K.L.:
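One structure, pasted below without further comment.
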Amino acid sequence: MNVETAKTNKPRKNAFVMFIHKMGSPPWFYNFTGKFIPWFWAIFIVLTVWGLYLGLVKAPADYLQGESFRILYIHVPAAWMSLLIYISMAIMAFIALVWRIRIVEILAMTSAPIGAAFTIVTLAAGSLWGRPTWGTYWVWDARLTSELVLLFIYLGIIGLYNAIDEPRKAARAACLLALVGAVNLPIIHYSVKWWNTLHQGSSISLMGGSSIDTSMLWPLLIMAVATKFYYGANLLTRARVKLLEQDIRKAWVREVLKEKNG
């Protein structure tokens with residue numbers, strides 16, 4: 001067998017596996033993700049301005065709720081993100097616990113404050129929406145109560161992570177709590193079906209027709225996409241800062257700081 005044949009027969013590493021290995025390198029992760037953050041922020045701003053313009057200016061008033069329905073362009077995307085971020089965090093927590101990848105631990109833990117913020121926005125916007133709709137800011141409705149529990153779980157994860165001095169031990173403990181807390185997700189999602197609640201059911205279906213008019217639906221979908229770019233930009237920004245804090249004594253961080261300081 002000649003040299004060329006040996007090179008041809010040499011197994012090649014899967015490109016995705018190589019990418020995962022690279023993502024585990026703090027310097028590579030820091031430099032790679034830094035290229036996307038400005039684009040994510042820019043796309044988020046453009047989509048948000050576009051979505052709010054369509055929703056607050058162009059969309060007609062609802063025939064039952066009048067102008068008050070427009071808060072859905074904040075409330076609904078925030079509610080979706082409060083669940084989506086927790087799902088992402090739980091998946092990353094599982095990966096972190098099984099494969100002990102430090103970058104994934106950091107991503108899971110930096111997701112928690114963002115998810116908590118979206119949950120707070122969900123509850124606040126829902127309360128403002130509930131006042132003209134239900135006649136009160138708050139009721140102990142199944143959907144509202146389970147969403148409030150989600151906020152407490154987020155806060156518990158953040159508190160547990162910050163209560164332990166050693167970052168990796170803290171991350172593993174908080175990741176375990178994140179997996180346990182995932183039991184609340186199906187309760188939130190199916191609460192309007194399992195119990196007789198004041199909260200309305202879903203008006204949007206990906207598999208069938210939506211009951212919401214298209215003039216109102218498009219701004220909502222645009223805002224939903226915008227919030228995902230916000231999550232991506234915020235998550236990567238927080239993760240890069242956390243990496244610098246944890247590796248402050250390492251050579252690659254000194255090089256980064258030297259470049260920033262000129």
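Fair warning: this is a prediction, and the values are worked out from it, not measured in the lab.
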K.L.:
Hey, any chance W28 and F36 share a hydrophobic cluster, counting ILVMFWY side chains that come within less than 4.5 Å of each other, even indirectly?
P.N.:
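Linked, W28 and F36 end up in one cluster.
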K.L.:
Would you check, one step at a time, whether the test salt bridge (charged side-chain N to carboxylate O under 4.0 Å, His left out) holds for D247 with R102?
P.N.:
CA-CA 12 Å; D247 291 359; R102 185 163 68 101; 2.9 Å; yes
K.L.:
Looking at side-chain heavy atoms only, is the closest gap between W99 and V104 below 4.5 Å?
P.N.:
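No; the side chains remain at least 4.5 Å from each other.
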K.L.:
Please check: side-chain N/O of N234 versus main-chain N/O of I114, any donor-acceptor pairing under 3.5 Å?
P.N.:
no
K.L.:
Does a side-chain heavy-atom distance below 4.5 Å link R240 with T33?
P.N.:
yes
K.L.:
Linking I/L/V/M/F/W/Y whenever their side-chain heavy atoms sit closer than 4.5 Å, directly or via other members, would I91 and L179 fall into one cluster?
P.N.:
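Both belong to a single hydrophobic cluster.
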K.L.:
When rounded to the nearest 0.5 angstrom, what distance separates CG in L151 from OG in S146?
P.N.:
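Separation between the atoms: 12.0 Å.
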K.L.:
Kindly give the heavy-atom pair with the smallest separation between A61 and E67, and that separation in Å.
P.N.:
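Smallest interatomic distance, heavy atoms only, reads CB-OE2, 3.6 Å.
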K.L.:
Looking only at heavy atoms, what is the nearest atom pair of T48 and A226, with distance?
P.N.:
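Closest pair (atom of T48, atom of A226, distance): OG1-CB, 3.6 Å.
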K.L.:
Are any side-chain N or O atoms of R70 and backbone N or O atoms of A59, one a donor and one an acceptor, separated by less than 3.5 Å?
P.N.:
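Here the side-chain-to-backbone pair exists.
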K.L.:
Is it the case that the side chain of T145 and the backbone of A142 share a donor-acceptor pair, with hydrogens and angles ignored and the cut-off at 3.5 Å?
P.N.:
no
K.L.:
Does a side-chain heavy-atom distance below 4.5 Å link I187 with V149?
P.N.:
no
K.L.:
Within the structure provided, determine whether L144 and L148 are in side-chain contact (heavy-atom separation under 4.5 Å).
P.N.:
no
K.L.:
Please report the closest heavy-atom contact between A178 and M89, naming both atoms and the distance.
P.N.:
CB-CE, 4.2 Å
K.L.:
Grab the two heavy atoms, one from P77 and one from L220, that are nearest each other, plus how far apart they are.
P.N.:
CD-CD1, 3.7 Å
K.L.:
Tell me if the aromatic rings of W252 and Y30 count as close, with their centers under 6.0 Å from one another.
P.N.:
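So the answer is yes for these two rings.
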K.L.:
Begin with the C-alpha distance, continue with both residues' side-chain angles, and end with the deciding distance and a verdict on side chain to side chain donor-acceptor pair (under 3.5 Å) for Y231 and S111.
P.N.:
CA-CA 8 Å; Y231 171 54; S111 289; 2.8 Å; yes
K.L.:
If I take atom NZ from residue K250 and atom CG from residue L244, how far apart are they, to the nearest 0.5 angstrom?
P.N.:
12.0 Å
K.L.:
Any link between Y53 and F44 through a network of hydrophobic side chains (Ile, Leu, Val, Met, Phe, Trp, Tyr) touching at under 4.5 Å?
P.N.:
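As far as the 4.5 Å side-chain criterion goes, F44 and Y53 are connected within one cluster.
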K.L.:
Measuring from L47:CG to T227:OG1, what's the distance to the nearest 0.5 Å?
P.N.:
9.5 Å
K.L.:
Under 4.5 Å between side-chain heavy atoms, hopping through other hydrophobics if needed: is there a path connecting I188 to I87?
P.N.:
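Hydrophobic grouping puts I188 with I87.
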K.L.:
Looking at Y86, W80, Y230, which hits side chain to side chain contact (heavy atoms under 4.5 Å, CB included) with F118?
P.N.:
Y230
K.L.:
Would I106 and R238 count as a side chain to side chain contact (heavy atoms under 4.5 Å, CB included) if you check the C-alpha gap in whole Å, the side-chain angles of each, and the deciding distance to 0.1 Å?
P.N.:
CA-CA 9 Å; I106 291 174; R238 287 172 176 269; over 6 Å; no
K.L.:
Check A174 against M109 and note the closest heavy-atom contact, atom names and distance.
P.N.:
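Closest pair (atom of A174, atom of M109, distance): CB-SD, 3.3 Å.
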K.L.:
Which pair of non-hydrogen atoms, one from L107 and one from L235, has the smallest distance, and what is that distance?
P.N.:
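L107 and L235 have their closest heavy atoms at O-CD1, 3.4 Å.
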K.L.:
I'd like to know if the side chain of Q65 and the backbone of S68 have a donor-acceptor N/O pair within less than 3.5 Å.
P.N.:
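It does not hold such a pair.
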K.L.:
Taking atom OG1 of T237 and atom CD1 of I37, what is their separation to the nearest 0.5 Å?
P.N.:
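Between T237 OG1 and I37 CD1, I get 3.5 Å after rounding to 0.5 Å.
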K.L.:
Report yes if some heavy atom in the side chain of P26 is under 4.5 Å from a heavy atom in the side chain of Q246; otherwise report no.
P.N.:
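No. Closest side-chain heavy atoms not under 4.5 Å.
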K.L.:
Give a yes or no on whether the backbone of A79 and the side-chain of S82 come within a donor-acceptor separation of less than 3.5 Å.
P.N.:
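Such a contact is found between S82 side chain and A79 backbone.
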K.L.:
Do F229 and V46 share a hydrophobic cluster, counting only Ile, Leu, Val, Met, Phe, Trp and Tyr and linking them when any side-chain heavy atoms are less than 4.5 Å apart?
P.N.:
no
K.L.:
Does the pair M23 and I103 meet the rule for a side chain to side chain contact (heavy atoms under 4.5 Å, CB included), with working shown?
P.N.:
CA-CA 7 Å; M23 288 291 283; I103 298 295; 5.5 Å; no
K.L.:
Are more than 12 heavy atoms, taken from residues, nucleotides or ligands other than W138, located less than 6.0 Å from that residue's CH2 atom?
P.N.:
yes
K.L.:
Among I71, I74, L123, which residue satisfies the side chain to side chain contact (heavy atoms under 4.5 Å, CB included) criterion with L128?
P.N.:
I71
K.L.:
Can you check whether R100's main-chain N or O pairs, donor with acceptor, with R168's side chain at less than 3.5 Å?
P.N.:
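Pair found, side chain donor or acceptor close to backbone of R100.
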K.L.:
Would you check if the side chain of H75 reaches a backbone N or O of T122 as a donor-acceptor pair within less than 3.5 Å?
P.N.:
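At least one qualifying donor-acceptor pair exists.
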K.L.:
Nearest 0.5 Å please: distance from the CD1 atom of I222 over to the CG atom of L54.
P.N.:
5.0 Å
K.L.:
Would you compute the distance between atom CD1 of I212 and atom CG of L217 and round it to the nearest 0.5 angstrom?
P.N.:
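Output value for this atom pair is 5.5 Å.
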K.L.:
Would you check if the side chain of Y161 reaches a backbone N or O of G156 as a donor-acceptor pair within less than 3.5 Å?
P.N.:
no
K.L.:
Step by step, work out the side chain to side chain contact (heavy atoms under 4.5 Å, CB included) result for F29 and K22.
P.N.:
CA-CA 7 Å; F29 175 88; K22 287 181 179 180; over 6 Å; no
